[in-house]
Asker: 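Sharing a structure below in structure tokens format, with a few things to ask.
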Amino acid sequence: MYEYKYVPVEREGWIFAGFQGYREVIDREAADGWRFVNWMPLDVTNGAMTRIDLIFEREL
């Protein structure tokens, strides 16, 4: 059985600035025993994603 964790990441700046800091989040969670599984868009404004969830799992 697995447990899941969802970490929101906000877009910084405008469309071309993109999402910053997601690599640090993945590295930090991996150090705590979480495995990165996928990502999911949470909010879209004017056709651009503004917030995503990074999805992690680990065995119970």
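Heads up: numbering here begins at 1 and tracks the sequence. Side chains are part of it too, since the values below use all heavy atoms of this structure and drop only hydrogens, waters and symmetry mates. Only a predicted model underlies this, so the values are computations on that prediction, with no experimental measurement involved.
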Asker: Would you call the rings of Tyr6 and Tyr4 parallel, tilted or perpendicular, taking 30° and 60° as the class edges?
Answerer: parallel

Asker: Tell me whether Ile55 is reachable from Trp39 by hopping between hydrophobic residues (I, L, V, M, F, W, Y) whose side-chain heavy atoms are closer than 4.5 Å.
Answerer: no

Asker: Please list, one pair per line, the donor and acceptor atoms closer than 3.5 Å that link side chains of residues 27-38 to other protein atoms, with sequence neighbours excluded.
Answerer:
unit_1	atom_1	unit_2	atom_2	d
Glu29	OE1	Lys5	NZ	2.9
Arg35	NE	Glu57	OE2	3.2
Arg35	NH2	Glu57	OE2	2.3

Asker: For a side-chain contact (heavy atoms from CB on, under 4.5 Å) check, start with the C-alpha distance between Val7 and Phe56, then their side-chain angles and the critical distance, and finish with the verdict.
Answerer: CA-CA 8 Å; Val7 179; Phe56 299 89; 3.9 Å; yes

Asker: Do Leu42 and Ile52 have side-chain heavy atoms sitting under 4.5 Å apart?
Answerer: no

Asker: Do Met49 and Tyr22 sit in the same hydrophobic cluster, where Ile, Leu, Val, Met, Phe, Trp and Tyr count as joined when their side-chain heavy atoms come under 4.5 Å apart?
Answerer: yes

Asker: To the nearest 0.5 Å, what is the distance between CE on Met40 and CG on Leu54?
Answerer: 11.5 Å

Asker: Test of understanding: with salt bridge (charged side-chain N to carboxylate O under 4.0 Å, His left out), list the residues that count as partners of Glu3, not counting sequence neighbours.
Answerer: Arg58

